[in-house]
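Report on one structure; see the data block that follows.
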Amino acid sequence: MSSAPRTEGSVATRLSQLRGPDAKAPPAPPPQAQRRVPVELLATPPSPAALARAGFASIEQLYDAAAAQFRLARLALDSIELSLELATLVPEQLAVKHRIVPVYASAEEISVAAADPTQLQLFDWLGRQLRRAVTVVVATPAEIERARTRLYETRRAPTLDGTVSEQDIAAASGLVNSIIAGAIEQRASDIHIEATEREMHVRYRVDGALRLIDTRPIEQHPPVVSRIKVLAGLDIATHHTPQDGRIKLPSAAGDVDLRVSVLPTYWGEKVVCRLLDNKRAAMPLEAIGFEGQQRAELLKMVRSPYGLVLVTGPTGSGKSTTLYAALNAVRDPEVNVVTVEDPVEYQIGGINQVQVNPKRGLTFAGALRSILRQDPDVILVGEIRDQETGVLAAEAALTGHLVLSSLHTNDALGSITRLLELGVEPYLVAPSLLGVVAQRLVRTACKACRELRAPDPADLQMLGLPSVPPGTEVAHARGCPACHGSGYSGRVAVREVLTVDDELRMLITRGAPLDELRQAALAKGFRTMRFHALRLWLSGVTTTRELLRVTR
């Protein structure tokens with residue numbers, strides 16, 4: 001009985017594999033199996049009296065007879081191991097309603113155990129929906145219910161049932177506090193709390209790399225997530241949609257500010273907490289690693305009465321920290337500074353900060369239009385993501401405003417190409433762009449365990465260096481308790497600062513290719529990130545691996 005032609009031999013082989021080599025084959029039908037089974041007995045679980053009237057001594061004898069009558073396999077479900085992927089093929093509500101459970105599936109067929117194998121319309125519909133041949137096997141209602149519980153209860157993520165008691169949430173308070181305290185102690189930028197099939201994992205991102213900190217039984221995951229939701233002011237009863245919030249906790253070193261993101265995943269909700277240090281928002285340029293010449297170039301840009309200044313780099317490269325440091329260089333009671341960010345990470349006194357909310361129609365471009373009617377002197381646009389925002393930022397820069405923003409590009413010169421690709425015309429880019437800071441963060445070798453030795457010839461070849469000065473020693477990461485075995489401790493920024501002069505503006509206006517722009521910049525003394533990273537490498541601050549990872 002199936003919705004499409006099937007091969008009996010292949011299904012029988014698969015079912016025997018599911019039973020395993022040591023499992024016994026289904027027993028031979030007893031004499032009662034020769035009795036004809038009334039179809040109405042299969043529609044609902046029969047009572048003992050109905051079984052007796054039909055001549056069957058037990059429910060097992062009834063279903064042995066049904067299997068023989070309909071020439072279907074009689075499967076002992078309790079000995080079958082079910083793949084969790086089956087739960088994604090047959091919805092649990094459908095399985096409960098029709099007293100079925102999937103037991104095997106391939107690309108061509110699916111085997112379904114049924115207490116009532118006469119549901120032809122159901123099996124035809126299932127075959128059409130799954131585009132597979134449906135093979136029916138017979139099992140008792142109790143066997144099907146037990147198998148269904150094993151399949152769907154195991155598949156169901158622990159946090160999706162919404163049954164976390166207040167006592168469990170309160171009990172998780174100590175663990176959550178310990179996780180946050182550990183992250184602060186290890187200088188983590190992010191906390192990751194995630195569920196697997198049987199465990200909860202806690203990971204910290206330290207110096208840009210994730211490390212596993214703790215593993216707990218999966219039963220602890222829902223209370224921990226609920227406790228974090230309570231702290232962040234989120235809905236603990238919502239498990240199927242993403243949520244975002246913030247936590248502010250007092251500590252000996254000052255308030256701890258966490259940006260919380262909750263995301264539903266296969267095994268449960270994943271929580272990521274970004275640790276925000278508001279002290280970083282007040283840091284001057286020299287405190288975040290700007291060298292003398294680079295700092296002088298950037299200060300000249302941000303002290304201009306108008307123009308566009310960009311900071312570029314990948315996610316987690318410190319762009320926001322650099323932008324805030326640039327704002328601090330121009331912040332003044334006589335200057336109206338307005339920002340539009342997604343999200344507002346650091347709160348800065350004396351600055352008007354706007355957080356975008358696309359769900360309510362407040363986008364970067366929409367906010368920027370409104371800001372321009374607020375008589376601003378300096379505008380920070382968190383990121384230029386589209387043509388409209390790019391055009392508005394360039395036009396604002398040309399009409400007497402200093403505009404600071406970020407862009408996702410690999411290097412400083414690439415930001416020019418990126419603006420043009422977004423649809424910002426060269427006649428807007430050329431006169432408005434004052435300069436670009438491109439940056440990356442490289443991990444520094446742990447001073448407690450690093451080894452200094454002569455660079456390997458293979459490393460020199462990879463870096464394109466014919467030689468290094470005699471006696472040069474570079475760092476090799478080893479790993480020790482002080483750095484938690486990573487070999488690295490802390491990070492330092494490597495940057496390139498491009499000042500756009502009249503020659504570059506002419507090249508941009510006529511659409512010169514990137515190589516020509518690069519040659520013109522290098523001829524004026526422009527130094528790339530690789531140049532600055534090589535200086536750190538030669539001084540033993542970072543390793544060859546890090547140098548190759550972040551620069552080219």
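Just so you know, residue 1 is the first one in the sequence shown, and it goes up from there. Keep in mind that this is a model prediction, so the values were computed, not measured.
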Inset, instruction - Might you point out which heavy atoms bring Ile228 and Ile247 nearest each other, and give the distance in Å? - result: O-CD1, 3.9 Å
Legend entry - Side-chain heavy-atom pair Val103, Val101 within 4.5 angstrom cut-off: yes
Inset, instruction - Output yes when a side-chain donor or acceptor of Asp375 lies under 3.5 Å from a complementary backbone atom of Asn336, and no otherwise. - result: no
Legend entry - Carboxylate-amine/guanidinium contact Arg187 Asp207, below 4.0 Å: yes
Legend entry - Side-chain donor or acceptor of Gln243 paired with backbone N/O of Leu234 under 3.5 Å: no
Legend entry - Carboxylate-amine/guanidinium contact Glu145 Arg148, below 4.0 Å: no
Inset, instruction - Mind listing the closest non-hydrogen atom pair of Thr542 and Trp537 along with its distance? - result: O-CD1, 3.7 Å
Inset, instruction - Give a yes or no on this: more than 12 heavy atoms of other residues, nucleotides or ligands lie within 6.0 Å of atom CD of Glu166. - result: no
Inset, instruction - Say whether, by atom type as modelled, one donor and one acceptor occur between the side chain of Arg205 and the main chain of Ser189 under 3.5 angstrom. - result: no
Legend entry - His192 and Leu210, any side-chain heavy atoms less than 4.5 Å apart: yes
Inset, instruction - Rounded to the nearest 0.5 Å, what's the gap from CG on Leu422 to OG1 on Thr389? Could you check? - result: 9.0 Å
Inset, instruction - Hey, could you give me the OG1/CG distance between Thr321 and Leu285, rounded to the nearest 0.5 Å? - result: 11.5 Å
Inset, instruction - Specify the closest pair of heavy atoms between Leu82 and Ala147, including all atoms of both residues, with the distance to one decimal. - result: CD1-O, 3.6 Å
Legend entry - Nearest-0.5 Å distance that lies between atom NE2 in His201 and atom CG in Asp214: 9.5 Å
Inset, instruction - Would you kindly say whether Thr543 and Tyr488 are connected by a side-chain donor-acceptor distance under 3.5 Å? - result: yes
Legend entry - Member of Gln294, Glu496, Gln439, Arg495 meeting the side chain to side chain donor-acceptor pair (under 3.5 Å) criterion with His532: Gln294
Legend entry - Arg295 side chain to Glu286 backbone, donor-acceptor under 3.5 Å: no
Inset, instruction - State, yes or no, whether a side-chain contact exists between Leu404 and Val311 at a heavy-atom distance under 4.5 Å. - result: no
Inset, instruction - May I ask you to check whether over 12 heavy atoms, not counting those of Gln220, lie within 6.0 Å of atom CD? - result: yes
Legend entry - Main-chain N/O of Arg440 paired to Arg491 side chain as donor or acceptor, under 3.5 Å: no
Inset, instruction - Over all heavy atoms of both residues, which pair between Val302 and Val330 is shortest? Give the atoms and the distance, please. - result: O-CG1, 3.1 Å
Inset, instruction - Answer yes or no: is there a donor N or O on one side and an acceptor on the other, between the side chain of Ser405 and the main chain of Val381, under 3.5 Å? - result: yes
Legend entry - Validation row: Met283, Asn328 side chains within 4.5 angstrom (heavy atoms): no
Legend entry - 4.5 Å side-chain heavy-atom contact, Arg216 and Leu175: yes
Legend entry - Under 3.5 Å: donor-acceptor pair, side chain of Thr409, backbone of Gly414: no
Legend entry - Side-chain donor or acceptor of Ser406 paired with backbone N/O of Gly382 under 3.5 Å: yes
Legend entry - Stepwise side-chain contact (heavy atoms from CB on, under 4.5 Å) test for Lys229 and Val262: CA-CA 8 Å; Lys229 285 183 176 181; Val262 182; 4.0 Å; yes
Legend entry - Beyond-backbone contact of Asn352 with Ile371, side-chain heavy atoms, under 4.5 angstrom: no
Inset, instruction - Could you tell me whether Arg198 atom CZ has more than 12 heavy atoms of other residues or ligands within 6.0 Å of it? - result: no
Legend entry - Spacing of Glu92 atom CD and Thr149 atom OG1 [to the nearest 0.5 Å]: 8.5 Å
Inset, instruction - Please step through side-chain contact (heavy atoms from CB on, under 4.5 Å) for the pair Ile218 and Glu199, ending with a clear verdict. - result: CA-CA 4 Å; Ile218 190 60; Glu199 295 175 331; 5.7 Å; no
Inset, instruction - Starting at CG of Leu276, measure out to CG of Leu258 and round the result to the nearest 0.5 Å. - result: 7.0 Å
Inset, instruction - Would you check if Trp267 and Glu194 make a side-chain contact, meaning some heavy-atom pair closer than 4.5 Å? - result: no
Inset, instruction - Please test Val442 against Leu547 for side-chain contact (heavy atoms from CB on, under 4.5 Å), starting from the C-alpha separation and ending with a verdict. - result: CA-CA 7 Å; Val442 298; Leu547 177 60; over 6 Å; no
Inset, instruction - For Arg545, look at atom CZ and say whether over 12 heavy atoms of other residues, nucleotides or ligands are found less than 6.0 Å away. - result: no
Inset, instruction - Kindly compute the distance separating OG1 (Thr417) from CG (Leu407), expressed to the nearest 0.5 Å. - result: 10.5 Å
Legend entry - Leu89 vs Pro102 side-chain heavy atoms within contact, under 4.5 Å: no
Legend entry - Side chain Gln353, main chain Val344, donor-acceptor under 3.5 Å: no
Inset, instruction - Measure across Gly316 and Leu441 and return the closest heavy-atom pair with its distance rounded to 0.1 Å. - result: O-CD1, 3.5 Å
Inset, instruction - Considering non-hydrogen atoms only, spot the tightest contact between Ser178 and Tyr204 and give its length. - result: O-OH, 4.2 Å
Inset, instruction - Dump the intermediate steps for side-chain contact (heavy atoms from CB on, under 4.5 Å) on Gln186 and Ile213, then the final yes or no. - result: CA-CA 11 Å; Gln186 295 193 32; Ile213 299 300; 3.8 Å; yes
Inset, instruction - Please answer whether the main-chain N or O of Pro314 pairs with a side-chain N or O of Ser317 as donor and acceptor at a distance below 3.5 Å. - result: yes
